[in-house]
Amino acid sequence: MIEFNHATGSLRPALEGANILITGGAGFLGSHLADLLVSRGNHVYCLDNFHTGRASNLSRLQFSNRLSVVQHDVTDELPDTLPKFAEIYNLACPASPVHYQADPVSTAMINCKGAWNVLRRAERDGARVFHASTSEIYGDPEIHPQPEHYWGNVNTVGPRSCYDEGKRFAETLFTDFGKTRGVTVRMVRIFNTYGPRMQPDDGRVVSNFVIQALLGQPLTVYGDGSQTRSFCYVDDLIRGFDLLMRSEVADSPVNLGNPGEFTMEELAHLVLEITGSRSPIVRLPLPVDDPKRRKPDISKASELLGWRPEVSLREGLLKTIEYFDGELRRQPAAVISAAE
Ligand code: NAD
Ligand code: UDP
């Protein structure tokens, strides 16, 4: 059945029973996407080298005969043994500054060689292909909030460049495969997203603050804490992925994120209040090139897809805190050592 919404006119029906590839499928976002696609009756192939992903993220699906896990590095040509895909979601890439800066050459190569391998497979299979880009392509933005037509303010040779410029190049490659090789492309620029299955050791602000608060350790605010971010709960984001992939109208990048804007100081206090933790706040140096403000302009997603986030930061944090609290009870040593 075709769904209608006020803006798009039509969405193509959700695929059922199709073979769908998710690169980075064992990661935070990839595993939530796999849950959705498997629940619809698709056969989902999660291709991952487990650099930052974990098999346990897919444990809900471990007995499903509609999930196949393929251990593979996306920068190597995709295996010929894989079936023909109707859709490919390209999510493979470490996402947190700590991880993507640990091996910057690898991060840059994932976004060129990896993107090339994914696009060539999409071209061969006639698959619709989705690419996870990022708000980082706006760099340290000079206009606020950031609309898609803003070209950004990015350092080409700083510590974040491997990721920021890598993702910018990938957008170019996806766009040109769309224009010149007949591949149907969907691209999303994701703004900071959080929720259950974030890795305890990934160094992102939400996981850091939540774990620190639960363990009674100091919350590490970088700089003076006045820099802002806009935090989107994972369920809202995955709903946006699905709408964008099924949309017939959006072949250029679309921002997805929650426009609520918070300073890191505000976030720290909110985490302390919700957890009831008495942890102190400590200041650590601000990382180089850390963007000062970030907030998505989501007019395009709203007009083209009828998409808006529904989960407030407080509600989303509650669910995320509940998740990390459960993890701490189940495997305290693993979470504590990862967070150190
Ligand atoms: P994540 O680190 O949890 O997931 C990335 C996955 O990719 C992991 O499972 C990892 O093992 C895998 N991977 C990394 N390098 C690989 C390689 N060479 N070959 C195969 N697999 C590889 O991060 P995430 O938050 O789930 O991010 C998923 C995607 O979304 C990334 O492309 C990221 O850049 C993008 N994104 C995420 C956010 C966010 O806030 N979560 C924001 C902007 C963009
Ligand atoms: N940050 C912080 N304390 C932490 C981790 C991060 O104050 O323990 C800050 C960081 O400097 C940045 C913001 O929180 O200003 C978001 O950082 P994150 O790494 O989560 O994402 P990104 O910088 O990629 O948006």
Side-chain angles (χ1 to χ4, degrees), residues 22-34 46-55 57-58 69-76 78 89-101 103 106-107 109-111 113-115 117-118 130-137 140 160 163-164 166-167 170 188-195 197-199 201-212 218-234 237-238 241 255-257 262-265 267-268 281-294 339:
I22 307 176
T23 75
F28 162 48
L29 298 180
S31 63
H32 284 277
L33 179 62
C46 287
L47 180 145
D48 206 297
N49 69 352
F50 296 96
H51 175 217
T52 54
R54 295 175 295 178
N57 285 342
L58 295 166
V69 177
V70 182
Q71 183 156 7
H72 185 82
D73 190 313
V74 76
T75 60
D76 296 327
L78 304 196
Y89 289 82
N90 184 39
L91 273 60
C93 186
S96 84
V98 169
H99 287 303
Y100 71 64
Q101 290 173 22
D103 185 350
S106 161
T107 301
M109 293 310 287
I110 288 167
N111 284 295
K113 236 178 136 189
N117 286 330
V118 164
F130 175 103
H131 176 61
S133 188
T134 169
S135 54
E136 285 284 329
I137 67 101
D140 191 6
R160 298 175 89 99
Y163 185 74
D164 300 10
K167 289 282 187 180
V188 60
R189 291 181 181 154
I190 305 167
F191 285 66
N192 299 61
T193 298
Y194 68 100
R197 301 189 200 154
M198 292 184 89
Q199 287 127 242
D201 68 341
D202 80 359
R204 283 186 265 195
V205 69
V206 172
S207 44
N208 273 8
F209 284 180
V210 168
I211 292 170
Q212 289 161 348
L219 269 61
T220 51
V221 171
Y222 300 162
D224 65 6
S226 65
Q227 72 272 31
T228 67
R229 294 292 187 274
S230 301
F231 296 102
C232 185
Y233 188 65
V234 61
L237 186 82
I238 299 298
F241 281 13
N255 287 341
L256 290 184
F262 297 85
T263 68
M264 295 312 99
E265 183 78 20
L267 179 68
I281 291 178
V282 293
R283 313 264 166 211
L284 294 180
L286 190 67
V288 174
D289 291 344
D290 198 276
K292 286 182 264 316
R293 296 185 78 185
R294 184 183 289 156

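The first residue of the sequence shown is numbered 1, and numbering continues consecutively from there. Counting starts at 1 for both ligands and their atoms, in listed order.
- Note that OH of Tyr194 is 13.5 Å distant from CZ of Arg204, once rounded to the nearest 0.5 Å.
- At a heavy-atom cutoff of 4.0 Å, ligand 2 is contacted by no atom of Leu219, backbone or side chain.
- If you check which protein heavy atom lies closest to atom 13 (C) of ligand 2, you get Met264 SD, 3.7 Å.
- The proximity of Val205 to ligand 2, defined as any non-hydrogen pair under 4.0 Å, involves the side chain as well as the backbone.
- Between Asn208 and ligand 2, at least one pair of N/O atoms sits closer than 3.5 Å.
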Below 3.5 Å only, please: the N or O atoms of ligand 1 paired with protein N or O atoms, distance on each line.
| residue | atom | partner | partner atom | Å |
| --- | --- | --- | --- | --- |
| ligand 1 | 2 (O) | Thr52 | OG1 | 2.6 |
| ligand 1 | 3 (O) | Phe28 | N | 2.9 |
| ligand 1 | 3 (O) | Gln199 | OE1 | 3.1 |
| ligand 1 | 7 (O) | Cys93 | N | 3.4 |
| ligand 1 | 9 (O) | Gly27 | N | 3.0 |
| ligand 1 | 9 (O) | Asp48 | OD1 | 3.2 |
| ligand 1 | 9 (O) | Asp48 | OD2 | 2.5 |
| ligand 1 | 9 (O) | Gly53 | N | 3.3 |
| ligand 1 | 11 (O) | Asp48 | OD1 | 2.6 |
| ligand 1 | 11 (O) | His51 | N | 3.0 |
| ligand 1 | 11 (O) | Thr52 | N | 3.0 |
| ligand 1 | 11 (O) | Gly53 | N | 2.9 |
| ligand 1 | 13 (N) | Asn49 | OD1 | 3.4 |
| ligand 1 | 18 (N) | Asn49 | ND2 | 3.4 |
| ligand 1 | 18 (N) | Asp73 | OD1 | 2.9 |
| ligand 1 | 19 (N) | Val74 | N | 2.9 |
| ligand 1 | 21 (N) | Asn49 | N | 3.3 |
| ligand 1 | 21 (N) | Asn49 | OD1 | 3.4 |
| ligand 1 | 25 (O) | Arg204 | NH1 | 3.3 |
| ligand 1 | 25 (O) | Arg204 | NH2 | 3.2 |
| ligand 1 | 26 (O) | Phe28 | N | 3.4 |
| ligand 1 | 26 (O) | Leu29 | N | 2.8 |
| ligand 1 | 32 (O) | Leu91 | O | 2.9 |
| ligand 1 | 32 (O) | Lys167 | NZ | 2.8 |
| ligand 1 | 34 (O) | Tyr163 | OH | 2.6 |
| ligand 1 | 34 (O) | Lys167 | NZ | 2.9 |
| ligand 1 | 40 (O) | Thr193 | N | 2.8 |
| ligand 1 | 40 (O) | Thr193 | O | 3.4 |
| ligand 1 | 41 (N) | Arg204 | NH1 | 2.9 |

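- Protein heavy atom nearest atom 16 (C) of ligand 2, with residue, atom name and distance: Arg229 NE, 3.7 Å.
- Below 30°, between 30° and 60°, or above 60°: for His99 and His51 the angle between ring planes is above 60°, a perpendicular geometry.
- On a distance-only criterion, Val221 and ligand 2 share no N/O pair closer than 3.5 Å.
- Among Phe231, Tyr222, Tyr100, the residue whose heavy atom lies nearest to atom 5 (C) of ligand 2 is Tyr222.
- Asp290 meets the side chain to side chain contact (heavy atoms under 4.5 Å, CB included) test with Arg160, Gln227, Arg229, Leu286, Pro287; sequence neighbours excluded.
- Between the Asp140 side chain and the Lys292 main chain, a donor and an acceptor come within less than 3.5 Å of each other.
- Residues passing the side chain to side chain contact (heavy atoms under 4.5 Å, CB included) test with Lys113, sequence neighbours excluded: Thr75, Met109.
- Aromatic ring centres of Tyr89 and Phe241 lie farther apart than the 6.0 Å criterion allows.
- The single protein non-hydrogen atom nearest to atom 11 (O) of ligand 2 is Asp290 OD2, 2.7 Å, given as residue, atom name and distance.
- Of the candidates Arg160, Arg204, Glu265, Gln227, the one placing a heavy atom closest to atom 9 (C) of ligand 2 is Gln227.
- Here the straight-line distance linking atom NZ of Lys167 with atom CD1 of Ile190 works out to 7.0 Å at 0.5 Å rounding.
- In the vicinity of Gly203, heavy-atom distances shorter than 4.0 Å reach the ligand 2 atoms 5 (C).
- Between the side chain of Ser230 and the backbone N or O of Arg294, at least one donor-acceptor pair lies under 3.5 Å.
- Of the possible donor and acceptor atoms, one in the side chain of Thr107 sits under 3.5 Å from a partner among the backbone N and O of Asp103.
- Within the 3.5 Å criterion, the main-chain N or O of Tyr233 finds no donor-acceptor partner in the side chain of Thr193.
- From Thr134, atom OG1 reaches atom OH of Tyr163 across 4.0 Å, with rounding to the nearest 0.5 Å.
- Remark: distances from the non-hydrogen atoms of Pro97 to ligand 2 include one below 4.0 Å.
- At a heavy-atom cutoff of 4.0 Å, ligand 2 is contacted by the side chain of Pro287 but not by its backbone.
- Residue contact check: Glu136 has heavy atoms under 4.0 Å from atoms 24 (O) of ligand 2.
- Evaluation of the side chain to side chain contact (heavy atoms under 4.5 Å, CB included) rule for Val221 yields Phe209, Glu265, Ala268, Ile281, Arg283 as partners, not counting sequence neighbours.
- With Asp48 contributing its side chain and Ala26 its backbone, the two residues share a donor-acceptor pair below 3.5 Å.
- Heavy-atom proximity to Asn192, at under 4.0 Å, picks out these atoms of ligand 2: 21 (O), 22 (P), 25 (O).
- With values rounded to the nearest 0.5 angstrom, Arg189 atom CZ is found 6.0 Å from Ser133 atom OG.
- For Thr220, a nitrogen or oxygen atom sits less than 3.5 Å from a nitrogen or oxygen atom of ligand 2, counting backbone and side chain alike.
- The closest approach between Ser135 and ligand 2 stays at or above 4.0 Å for every heavy atom of the residue.
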